[in-house]
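The structure appears right after this line, and notes come after that.
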Amino acid sequence: MPIFGVRFHALGQTEYYSAPDDCKPGDLVLIEVEQGAALGEIVSGPVRSLPGSGEADVPGILRMADADDRETGRRNDALAHEAMRFCRERIRERRLDMKLVDVEVFFDRSKLIFYFTAPVRIDFRELVKDLVREYRARIELRQIGVRHETQMLGAVGNCGMVCCCRRYLRKFAPVTIRMAKEQNLFLNPAKISGICGRLLCCLSYEQENYERFHRNSPRPGKKYMTSRGAMKVLRANMFRNSLSVLTEGNEELELSLEEWQGLEPHRPDAPQAPAAESRRGGERTRRESTDHAPEIAPSPDGDAPEEDAVNALHGEGEPGAGVSGADRVPHRRGRKHRAHSAEGARQGARPHASQGEAAPHAGKDGRTAGHSTEQAGKERRSLE
């Protein structure tokens, strides 16, 4: 079955439905929509298929519109204009800070939808009561944004064409100021803003091409080393897929991206990065080897010098001999044992040992160092 384009409002968006072969542009048909039946006009077609969609994805029309359906459509349009006038009068009388945009009347007049814009939240409960008393139908007031307002009313854009949102856009893509910067546009609000006052929707159309070009091209203003010497990138042209560079001889050249990649460009400081990384790796290796070397390691509580003195007094090591942490671990037998060892050291030391002299310590035979020195002196005198 052929596919036709159907439009519900003048300059509105076009929806596609399958219809009999005898349909032609200008015919009125009844379409099934979310709110029930709606009257539409065929504006394009026929085509056999739509790109990206199968035959099962295209809905069909209900039937061709007859004379009664045409008359119902004209009465509904008149009711929509009259409801808009009445609602604006009530808004003015109640001093509500809102702007009425459009009124939609269902084909069977079971419901009326009033679209409006407002800077803040509006208490329109009394307004709804006035509308219900007047039209005896379901009333819905729906607040929309400025972009949807332009989509519903339609306008002529800066390009001289009807706004994209009115013609074919169904969803608004996010548009940011970064897109205008990447496209080298003048950041003039009057130039990059649409009728709605927001950024132009068409800024997002070519953004993918700009992002692809910027990923493959160097940054303007940077200097690079190439096979033909140092070059500075002046500007990039996405439409010509080329770069403008300045050579060492102050000669400006225009190169395509393929020619630029053939010069093997690189930043002057790029080779230093691996050397710095290797230097940092060597320092890390030295630190790790230092951590695992059998040298003096401070204890967790910071009392390594005191333990060296206690070990020297008991003959377990020379003061400052650099006993490793692994060798000291078996001698840590608790706080009570260390206090007892220190007390014994104080009792065996001479009175002036606390003034900086080395305290005598016992040898392997149990004699102190002082006793060994006195015996050596007696033997020397007997020899003399």
Side-chain angles (χ1 to χ4, degrees), residues 5 7-15 43-44 51-52 84 88 97-102 104 115-122 142-224 231-246 252-261:
R7 187 179 297 168
F8 303 99
H9 304 283
L11 299 178
Q13 295 184 3
T14 301
E15 305 289 343
V43 295
S44 64
M84 181 173 290
R88 285 176 176 172
D97 188 12
M98 56 187 295
K99 176 184 176 182
L100 187 63
V101 176
D102 194 11
E104 180 182 357
Y115 298 94
F116 71 95
T117 60
V120 294
R121 291 180 60 88
I122 303 297
R142 186 176 300 177
Q143 186 173 358
I144 60 176
V146 290
R147 284 193 170 187
H148 289 87
E149 178 186 1
T150 306
Q151 185 182 41
M152 298 182 69
L153 297 179
V156 178
N158 299 338
C159 58
M161 303 289 291
V162 178
C163 291
C164 301
C165 58
R166 177 66 174 178
R167 286 192 296 167
Y168 58 86
L169 284 184
R170 286 155 177 78
K171 293 183 179 180
F172 292 103
V175 184
T176 61
I177 195 66
R178 183 178 64 87
M179 298 180 179
K181 293 180 180 179
E182 291 183 353
Q183 299 176 23
N184 296 327
L185 299 178
F186 292 104
L187 302 182
N188 186 354
K191 299 294 183 180
I192 61 177
S193 300
I195 302 300
C196 59
R198 300 294 189 266
L199 292 175
L200 291 169
C201 296
C202 55
L203 292 179
S204 62
Y205 295 170
E206 300 179 356
Q207 180 62 22
E208 183 178 355
N209 296 332
Y210 278 96
E211 291 179 353
R212 186 185 306 111
F213 175 76
H214 288 312
R215 282 196 301 266
N216 300 326
S217 64
R219 295 179 58 185
K222 298 296 183 179
K223 292 183 178 181
Y224 292 84
M231 291 186 180
K232 180 180 180 181
V233 180
L234 299 179
R235 53 189 173 272
N237 192 330
M238 193 272 294
F239 299 99
R240 296 173 61 92
N241 198 32
S242 63
L243 302 171
S244 295
V245 297
L246 187 66
E252 184 174 341
L253 300 177
E254 184 177 2
L255 305 174
S256 63
L257 285 182
E258 291 77 10
E259 295 174 347
W260 171 258
Q261 295 297 335

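Fair warning: this is a prediction, and the values are worked out from it, not measured in the lab.
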Chi angles and distances behind the side-chain contact (heavy atoms from CB on, under 4.5 Å) call for N241, S256
CA-CA 6 Å; N241 198 32; S256 63; 5.7 Å; no
Taking ring-ring contact (aromatic ring centres under 6.0 Å, His included) as the test, write out the residues that go with [X], two or more places apart.
X    : value
F116 : F124
Y210 : none
Y224 : W260

[X]: which residues meet the salt bridge (charged side-chain N to carboxylate O under 4.0 Å, His left out) condition with it, sequence neighbours left out?
X    : result
K232 : none
E258 : none
E104 : none

How would you list, by chain and number, every residue that makes a side chain to side chain donor-acceptor pair (under 3.5 Å) with [X], sequence neighbours excluded?
X    : result
R142 : E140
E15  : none
N158 : none

Show, in sequence, the C-alpha distance, side-chain angles and deciding distance for D102 and M84, and conclude whether the side-chain contact (heavy atoms from CB on, under 4.5 Å) test is met.
CA-CA 7 Å; D102 194 11; M84 181 173 290; 3.8 Å; yes
Counting only pairs under 3.5 Å, give me each side-chain donor-acceptor contact of residues 185-199, with atom names and distances, residues two or more places apart or in other chains.
residue : atom : partner : partner atom : Å
N188    : OD1  : A190    : N            : 3.3
S193    : OG   : P189    : O            : 2.8

May I have all residue pairs that pass salt bridge (Lys or Arg N to Asp or Glu O under 4.0 Å) and include part of residues 214-224, sequence neighbours excluded?
none
Filter on salt bridge (Lys or Arg N to Asp or Glu O under 4.0 Å), then keep only pairs touching residues 234-244, sequence neighbours left out; what's left?
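Residue pairs passing salt bridge (Lys or Arg N to Asp or Glu O under 4.0 Å), neighbours aside: R235-E252, R240-E254.
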Can you find a heavy atom in the side chain of [X] that is under 4.5 Å from one in the side chain of [Y]?
X    : Y    : value
H148 : Y115 : no
N237 : S244 : no
E206 : M179 : no
Q143 : I122 : no

Distance from [X] atom [atom1] to [Y] atom [atom2], nearest 0.5 Å?
X    : Y    : atom1 : atom2 : result
K181 : R178 : NZ    : CZ    : 10.0 Å
C202 : Q207 : SG    : CD    : 12.0 Å
R167 : Q151 : CZ    : CD    : 13.0 Å
S242 : L257 : OG    : CG    : 7.5 Å
N209 : H214 : CG    : NE2   : 11.0 Å

Heavy-atom pair with the smallest gap, counting every atom of [X] and [Y]:
X    : Y    : answer
T117 : G145 : CG2-O, 4.0 Å
A173 : S204 : CB-OG, 4.2 Å
V43  : R7   : CG1-CB, 3.9 Å
F213 : A236 : CE2-CB, 3.6 Å

Which is it for M238 and E182 under the side-chain contact (heavy atoms from CB on, under 4.5 Å) test, yes or no, and what are the steps along the way?
CA-CA 10 Å; M238 193 272 294; E182 291 183 353; over 6 Å; no
Yes or no on side-chain contact (heavy atoms from CB on, under 4.5 Å) for V101 and L153, after CA distance, side-chain angles and deciding distance?
CA-CA 8 Å; V101 176; L153 297 179; 3.9 Å; yes
